[in-house]
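Take a look at the structure below.
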Amino acid sequence: MAVRSSNGYLGIVKQSVKGTAIAPTKFCRLSAEESLEIVQDIYEARTLNGDEELDAVYKIGNKPGGTIPTLVRPDLAAAIMAFVLGADSVVTGTVHTHTITRADTIPWLSIERKVDNIERLEDCKINQVVINGAAGQPLALDASYMGIDSDIVTTATATYETDEPFMFFDGTFTVNASSDTTIKAFTLTINRNLKEIVTTSYKRDDMLEAAFSIDLNYSLVFQASDAKYPAILYGAGTAIVDTLHDGAFIATF
């Protein structure tokens, strides 16, 4: 009988310490079985005086990782943003308020997938988060992660967030401190550029945060009176300028 990915889930939780995986507390349904994978690196040994066949094949690396593709809902999205940026100050109330900022180090996570069996990855970090918004569509989030170890576990109790996903038209947009109603789409990419450390094991020993970067692309309906385009290329003048235009983009949902 075929295994249906719709019966499975992805789960995630912040670990208290490195080296101890725990059961997830936040879940999303699978959108593809390829959301978690364990890549095994191999070494093919040949001798100079051997025949055409390999002498041996050795396992030299074990690298868990994958992506979490999900629609943007308040609880899971806030958690993932805190995991990739690193610092989360929460004011609790009827609606919790998160102030999430960048930290030099980000937390260790346990990430779990259930399809038929249940694979739990230990000591994961989120490397990159991409948020996509487009007119008439729900916001979508893809978080890519790397891990150190994995195991098969036997228990599973998944509970899913009941809040509806944010729709593009639920948001307000501010460009250069001015409200803008002509935004058609945007893509926000946060990258920690994790560097894997491998020493005396076939597994990763560590993942270190490297060069932090945020990239934004957005499209908007161009209007004759709009000053954004000439400001970017012409510095609000009439000739190409050799400096980059400063600005800010804020999407609030």
Side-chain angles (χ1 to χ4, degrees), residues 10-26 28 35-39 61-70 72-92 96-112 120-133 139-150 174 186-218 244 246-253:
L10 280 172
I12 189 169
V13 67
K14 179 180 177 180
Q15 294 178 189
S16 299
V17 294
K18 180 184 178 185
T20 304
I22 58 178
T25 58
K26 301 183 186 301
C28 64
S35 297
L36 181 150
E37 61 181 357
I38 300 175
V39 176
N62 194 82
K63 299 178 179 179
T67 61
I68 301 174
T70 183
V72 176
R73 292 179 169 86
D75 190 33
L76 181 58
I80 289 176
M81 293 300 288
F83 297 155
V84 73
L85 289 176
D88 184 12
S89 176
V90 184
V91 177
T92 60
H96 300 338
T97 302
H98 295 258
T99 302
I100 303 172
T101 54
R102 189 196 66 82
D104 289 339
T105 58
I106 56 179
W108 295 105
L109 311 170
S110 294
I111 297 177
E112 181 175 296
R120 182 175 295 170
L121 302 192
E122 177 184 299
D123 295 337
C124 299
K125 288 186 177 181
I126 291 182
N127 186 42
Q128 179 177 275
V129 169
V130 179
I131 297 177
N132 287 293
L139 266 64
L141 179 149
D142 283 278
S144 61
Y145 59 90
M146 303 161 59
I148 291 179
D149 209 347
S150 63
T174 303
F186 73 91
T187 299
L188 177 69
T189 303
I190 301 173
N191 200 332
R192 298 304 307 226
N193 291 292
L194 294 176
K195 181 179 180 181
E196 66 174 16
I197 304 298
V198 180
T199 56
T200 57
S201 173
Y202 65 94
K203 304 173 185 177
R204 296 174 175 126
D205 283 324
D206 206 348
M207 281 113 44
L208 300 182
E209 299 80 0
F212 177 80
S213 64
I214 300 178
D215 294 301
L216 169 72
N217 287 284
Y218 70 92
L244 290 174
D246 292 331
F249 176 91
I250 301 172
T252 303
F253 291 86

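Hydrogens, waters and symmetry mates play no part in the numbers below; they use all other heavy atoms, side chains included. Sequence positions, counted from 1, serve as the residue numbers for this chain.
- Nearest approach of P107 to G86, heavy atoms of both residues: CD-CA, 4.3 Å.
- Separating the CD1 atom in I148 from the CZ atom in R204 is a distance of 8.0 Å, to the nearest 0.5 Å.
- Taken from CD1 in I126 to CD1 in I190, the straight-line distance is 10.0 Å, to the nearest 0.5 Å.
- For the pair N193 (side chain) and A211 (backbone), a donor-acceptor distance under 3.5 Å is present.
- D75 is linked by a side-chain hydrogen bond (donor to acceptor under 3.5 Å, both in side chains) to K26, counting only residues two or more places apart in sequence or in another chain.
- Among all heavy-atom pairs drawn from V13 and A23, the shortest one is CG1-O, 3.5 Å.
- When each of I80, I12, L109, L121 is tested with Y145 by the rule side-chain contact (heavy atoms from CB on, under 4.5 Å), just one qualifies, namely L121.
- Residues I106 and L194 form a side-chain contact, since some pair of their non-hydrogen atoms from C-beta on lies under 4.5 Å apart.
- Counting only distance, with no hydrogens or angles, the side chain of S110 and the backbone of I22 share a donor-acceptor pair below 3.5 Å.
- In Y202, the OH atom is not crowded: 12 or fewer heavy atoms of neighbouring residues, nucleotides or ligands sit closer than 6.0 Å.
- Between D149 and D123, the closest side-chain pair of non-hydrogen atoms is not below 4.5 Å.
- The main-chain N or O of V84 is found under 3.5 Å from a side-chain atom of R192 such that the two form a donor-acceptor pair.
- Q15 places a side-chain N or O within 3.5 Å of a backbone atom of V17 that can act as its donor or acceptor partner.
- Note: L36 CG to L10 CG = 7.0 Å, rounded to the nearest 0.5 Å.
- Put simply, CE on M207 and OG1 on T105 are 12.5 Å apart, with the number rounded to the nearest 0.5 Å.
- Crowding of K195 atom NZ: a count of heavy atoms from other residues, nucleotides or ligands under 6.0 Å not exceeding 12.
- For F212, there are no ring pair (Phe, Tyr, Trp, His ring centres under 6.0 Å) partners at least two apart in sequence or on another chain.
- Across all their heavy atoms, P69 and C28 have their closest contact at O-SG, 4.5 Å.
- For the residue pair Q128 and S144, no side-chain donor N or O sits within less than 3.5 Å of a side-chain acceptor on the partner.
- Listed by first and then second residue, the salt bridge (Lys or Arg N to Asp or Glu O under 4.0 Å) pairs that reach into residues 61-70 are D41-K63, K63-E196, sequence neighbours excluded.
- Taking the side-chain hydrogen bond (donor to acceptor under 3.5 Å, both in side chains) definition, one finds that E209 meets it with K125, sequence neighbours left out.
- Partners of T187 by side-chain hydrogen bond (donor to acceptor under 3.5 Å, both in side chains), not counting sequence neighbours, listed by chain and number: N132.
- Inter-residue side-chain proximity for H98 and V91 is flagged as unmet; no heavy-atom pair is nearer than 4.5 Å.
- Legend: residues meeting side-chain hydrogen bond (donor to acceptor under 3.5 Å, both in side chains) with N127, ordered by chain and number and at least two apart, are absent.
- When all heavy atoms are compared, the tightest approach of P24 to G11 is CB-C, 3.5 Å.
- Panel note: side chain D88, backbone I100; no donor-acceptor pair is recorded below 3.5 Å.
- Between the CG atom in L216 and the CD1 atom in I214 there is a gap of 9.5 Å [rounded to 0.5 Å].
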